[in-house]
Amino acid sequence: MTGNAVLATVFTRPGYETVLAGALTAIGAFALALAAGFRMTRARGNDASLVALIASALCLAAVALWWWFGPHTGLAVFGLITLSAAAMALQTVAAKRDGVPHGATTTYATGDADGPCRRHRRWQGTMEQPALAGVAGLACGCLLAVGIALYWPAATPLLPLVSTTASIGLIRRRRAG
């Protein structure tokens, strides 16, 4: 969402109105899904993060199907933007509901956007080894995503769907064992 906020400020770009509409759609969908996700998981206890991830996976499956079979022109693009932003928000909900005291950090800027929705005091973490591993994982994920987008574009929507589904499987495995 940070990137969308930046895009909204680049008003000298050709086609700015379309870029602004897409950025505002993403930010609005993220905010609404974030609030809905926290509301839907409020009383779920240990299952809250799993419920949020399943909802995110459903949004991502819809994105993949739309990517492969739906239109990519005009207003239809805003549907893809809305679904993918909602999936991202639900992943934020899952991270905040995973049982880590005061919530796990999700991203540097948008992770703080959920504060008003949660009604908890803000977590004040420090950069430790697990966080550094996360940054390294982020860089590797970016390289993988670019490679797939360049050489196998049809598989692009599978990346977030596969990683979210794998997270669901790992959570279920951890709880079963």
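Cluster partners of Leu143: none. The rule joins Ile, Leu, Val, Met, Phe, Trp and Tyr whenever side-chain heavy atoms lie under 4.5 Å apart, and it links nothing here. Taking Ile, Leu, Val, Met, Phe, Trp and Tyr as members and joining any whose side-chain heavy atoms lie under 4.5 Å apart, directly or through other members, the hydrophobic cluster of Val51 also contains Met40, Leu90. Clustering of Ile, Leu, Val, Met, Phe, Trp and Tyr by side-chain heavy atoms under 4.5 Å joins Ile81 with Leu75, Val77, Phe78. Cluster partners of Tyr151, by chain and number: Val146, Leu150. The rule joins Ile, Leu, Val, Met, Phe, Trp and Tyr whenever side-chain heavy atoms lie under 4.5 Å apart.
Leu53 and Leu60 end up in different hydrophobic clusters when Ile, Leu, Val, Met, Phe, Trp and Tyr side chains are linked at under 4.5 Å. When hydrophobic clusters are built by joining Ile, Leu, Val, Met, Phe, Trp and Tyr residues whose side-chain heavy atoms come closer than 4.5 Å, directly or via intermediates, Leu80 is not grouped with Met88.
The backbone N or O of Ala87 sits less than 3.5 Å from a side-chain atom of Ser56, completing a donor-acceptor pair.
The two atoms that bring Arg97 and Arg42 nearest to each other are NH2-CA, 3.7 Å, heavy atoms only. Listed here is the closest heavy atom pair of Pro160 and Thr156: CD-O, 3.7 Å. Between Ala52 and Val93, the shortest heavy-atom contact is CB-CG1, 3.8 Å. The heavy-atom pair separating Ser84 from Val63 by the smallest distance is N-CG2, 3.8 Å. Across every non-hydrogen atom of Ala94 and Ser49, the tightest pair is O-CB, 3.4 Å. Here the closest non-hydrogen pair linking Ala57 and Ile168 is CB-CD1, 4.0 Å.
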Got a list of side-chain donor-acceptor pairs under 3.5 Å for residues 18-27, not counting sequence neighbours?
unit_1: Thr25; atom_1: OG1; unit_2: Ala21; atom_2: O; d: 2.7

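Under the rule for a side chain to side chain donor-acceptor pair (under 3.5 Å), Ser167 has no partner lying at least two apart in sequence or in another chain. Not a single side chain to side chain donor-acceptor pair (under 3.5 Å) links Thr165 to another residue, sequence neighbours left out. With sequence neighbours excluded, the residues that form a side-chain contact (heavy atoms from CB on, under 4.5 Å) with Leu159 are Leu144, Ala145, Ile148. Residues satisfying the ring pair (Phe, Tyr, Trp, His ring centres under 6.0 Å) test with Trp66, not counting sequence neighbours, are none.
Applying the 6.0 Å contact sphere to CH2 of Trp68 captures more than 12 heavy atoms from other residues, nucleotides or ligands.
The stretch residues 49-60 participates, sequence neighbours left out, in no salt bridge (charged side-chain N to carboxylate O under 4.0 Å, His left out) pair at all. Sorted by first and then second residue, the pairs that involve residues 167-177 and meet salt bridge (charged side-chain N to carboxylate O under 4.0 Å, His left out), not counting sequence neighbours, are Asp47-Arg175. Here salt bridge (charged side-chain N to carboxylate O under 4.0 Å, His left out) pairs that include residues 73-82, with residues two or more places apart or in two chains, number zero.
The OG1 atom of Thr164 lies 11.5 Å from the CD1 atom of Ile54; values are rounded to the nearest 0.5 Å. Atoms CH2 and CG, from Trp152 and Leu158 in turn, are 6.5 Å apart once rounded to the nearest 0.5 Å.
Residues Leu50 and Arg44 form no side-chain contact, since every pair of their non-hydrogen atoms from C-beta on lies 4.5 Å or further apart.
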